[in-house]
Amino acid sequence: MTRIFLIGFMGCGKTSVGKKLANLLHFEFCDTDAEIERITGKSILEIFETDGENFFREKEHAVIAELSQKTNIVVSAGGGSPYFFDNMQRMNQAGLTIYLQATPKMLKQRIIKRKHQRPLLKNTPDDELETHIAQLLHQREPDYKKCHITVEALNITARKLEKTISDYVSTKLLITSH
Ligand code: S3P
């Protein structure tokens with residue numbers, strides 16, 4: 001298993017736990033947003049504002065295709081990516097996909113302070129944030145659930161993820177050896 005894709009809604013903790021997991025596994029770490037910012041020389045917010053969401057989604061799609069060729073890598077995939085194009089299928093074929101599942105309430109708490117950095121939520125008033133998150137999550141969850149493994153985002157650690165991954169891989173090996 002040389003590619004691990006962490007997926008889930010904004011604020012679920014993909015990037016922070018992903019970096020630690022990559023360290024534990026001695027893998028490279030890549031965040032699709034950071035990669036898009038590096039390639040375009042613009043912040044995600046600027047891209048949405050000047051080039052539009054479609055342009056961003058195309059870049060995101062291209063970055064996922066590129067990262068799917070790399071080995072020994074943990075990828076934190078932007079929260080919307082599984083919902084667009086065939087990204088989810090591609091990630092599932094290229095490696096192990098792990099959904100960090102969280103409730104709208106928890107996501108709101110994590111997002112609210114830095115809401116202005118999130119193009120899709122920055123104009124949502126604080127008292128409507130949880131409902132807006134719930135709507136987006138409802139739309140995206142069928143794609144998130146196409147993952148190989150779902151874990152609770154609350155209290156997840158890199159060590160727990162590592163254990164979950166090795167248990168999953170051992171079970172698969174047992175199944176395929178029979
Ligand atoms: C988005 C999630 C963000 C970023 C962009 C759009 C989304 O990534 O790609 O703001 O559509 O949910 P994170 O999930 O890493 O915050």
Side-chain angles (χ1 to χ4, degrees), residues 3-22 28-68 73-92 95 97-124 126 128-147 149-154 156 158 161:
R3 288 177 210 105
I4 294 165
F5 295 91
L6 300 181
I7 62 159
F9 205 83
M10 291 173 259
C12 71
K14 301 174 295 266
T15 300
S16 59
V17 80
K19 280 183 187 163
K20 290 176 191 149
L21 179 67
E28 186 186 339
F29 172 77
C30 189
D31 176 302
T32 57
D33 286 343
E35 188 60 10
I36 295 166
E37 289 182 334
R38 191 187 65 77
I39 293 167
T40 59
K42 292 181 186 178
S43 72
I44 299 300
L45 204 57
E46 248 181 297
I47 299 174
F48 268 75
E49 274 164 14
T50 59
D51 307 294
E53 181 171 355
N54 289 347
F55 175 86
F56 170 79
R57 296 299 172 196
E58 274 162 25
K59 290 280 168 232
E60 186 174 58
H61 182 54
V63 162
I64 287 174
E66 200 185 299
L67 296 177
S68 299
I73 188 165
V74 175
V75 176
S76 167
S81 61
Y83 181 69
F84 290 90
F85 304 106
D86 61 346
N87 292 334
M88 194 61 207
Q89 194 188 347
R90 195 178 278 260
M91 291 189 278
N92 271 335
T97 53
I98 306 178
Y99 171 31
L100 271 58
Q101 191 172 37
T103 61
K105 192 173 175 192
M106 172 191 158
L107 294 167
K108 178 199 167 177
Q109 283 162 1
R110 292 205 183 178
I111 289 170
I112 200 160
K113 272 187 237 133
R114 288 202 243 138
K115 188 182 76 174
H116 57 278
Q117 291 172 359
R118 315 279 189 179
L120 296 181
L121 300 172
K122 73 182 179 70
N123 296 323
T124 307
D126 286 356
E128 291 172 25
L129 201 53
E130 194 174 325
T131 311
H132 191 183
I133 291 170
Q135 281 165 353
L136 271 176
L137 191 59
H138 179 74
Q139 187 182 55
R140 292 169 173 186
E141 206 153 45
D143 289 297
Y144 292 160
K145 286 190 170 162
K146 291 175 187 162
C147 66
I149 306 174
T150 299
V151 296
E152 271 291 329
L154 190 69
I156 192 68
L161 265 186

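First listed ligand is number 1; within each ligand, the first listed atom is number 1. Side chains are part of it too, since the values below use all heavy atoms of this structure and drop only hydrogens, waters and symmetry mates.
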Option with minimal heavy-atom separation from atom 5 (C) of ligand 1, where the choices are Ile44, Ile111, Leu45: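 Nearest heavy atom to atom 5 (C) of ligand 1 lies in Ile44.
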
Residues Asp51, Lys59; criterion salt bridge (charged side-chain N to carboxylate O under 4.0 Å, His left out); working and verdict: CA-CA 11 Å; Asp51 307 294; Lys59 290 280 168 232; over 6 Å; no

Atom indices of ligand 1 within 4.0 angstrom of [X] heavy atoms, with elements:
{"X": "Arg57", "result": "6 (C), 7 (C), 11 (O)"}
{"X": "Pro119", "result": "10 (O)"}
{"X": "Arg140", "result": "7 (C), 11 (O), 12 (O)"}
{"X": "Lys14", "result": "13 (P), 14 (O), 15 (O)"}

Starting from [atom], locate the nearest protein heavy atom and write down its residue, its atom name and how far away it is, to 0.1 Å.
{"atom": "atom 3 (C) of ligand 1", "result": "Asp33 OD2, 3.4 Å"}
{"atom": "atom 2 (C) of ligand 1", "result": "Met10 CG, 3.3 Å"}
{"atom": "atom 16 (O) of ligand 1", "result": "Arg118 NH1, 2.5 Å"}

Taking the side chain as every heavy atom from C-beta outward, state whether Tyr99 and Asp143 have any atom pair closer than 4.5 Å.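 They are not in side-chain contact.
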
Compute the shortest N/O to N/O distance between Gly80 and ligand 1 and return yes if it is under 3.5 Å, no if not.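 Such a contact does occur with ligand 1.
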
Could you tell me whether Phe48 and ligand 1 have an N or O pair separated by under 3.5 Å?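 Looking only at distances, the answer is no, because the N/O contact criterion of under 3.5 Å is not met.
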
Within reach of ligand 1, part of Leu120 (heavy-atom separation under 4.0 Å):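 For Leu120, the contact with ligand 1 is made by the side chain alone.
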
contact_flag Gln117 ligand 1 heavy-atom lt 4.0 Å: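 Not so, Gln117 does not reach ligand 1.
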
Close approach of Phe56 to ligand 1, heavy atoms, under 4.0 angstrom: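 Distance cut 4.0 Å: Phe56 passes for ligand 1.
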
From [X] [atom1] over to [Y] [atom2], what is the distance, rounded to the nearest 0.5 angstrom?
{"X": "Thr150", "Y": "Tyr144", "atom1": "OG1", "atom2": "OH", "value": "12.0 Å"}
{"X": "Asp33", "Y": "Gln117", "atom1": "CG", "atom2": "CD", "value": "11.0 Å"}
{"X": "Ile112", "Y": "Glu130", "atom1": "CD1", "atom2": "CD", "value": "9.5 Å"}
{"X": "Leu161", "Y": "Lys20", "atom1": "CG", "atom2": "NZ", "value": "11.0 Å"}
{"X": "Leu107", "Y": "Leu136", "atom1": "CG", "atom2": "CG", "value": "10.5 Å"}

Could you point out which residue of Asn87, Ile7, Ile64 forms a side chain to side chain contact (heavy atoms under 4.5 Å, CB included) with Pro82?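 It is Ile7; the other options fail the test.
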
Residue Phe48 excluded, over 12 heavy atoms near CZ under 6.0 Å: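 Enclosed.
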
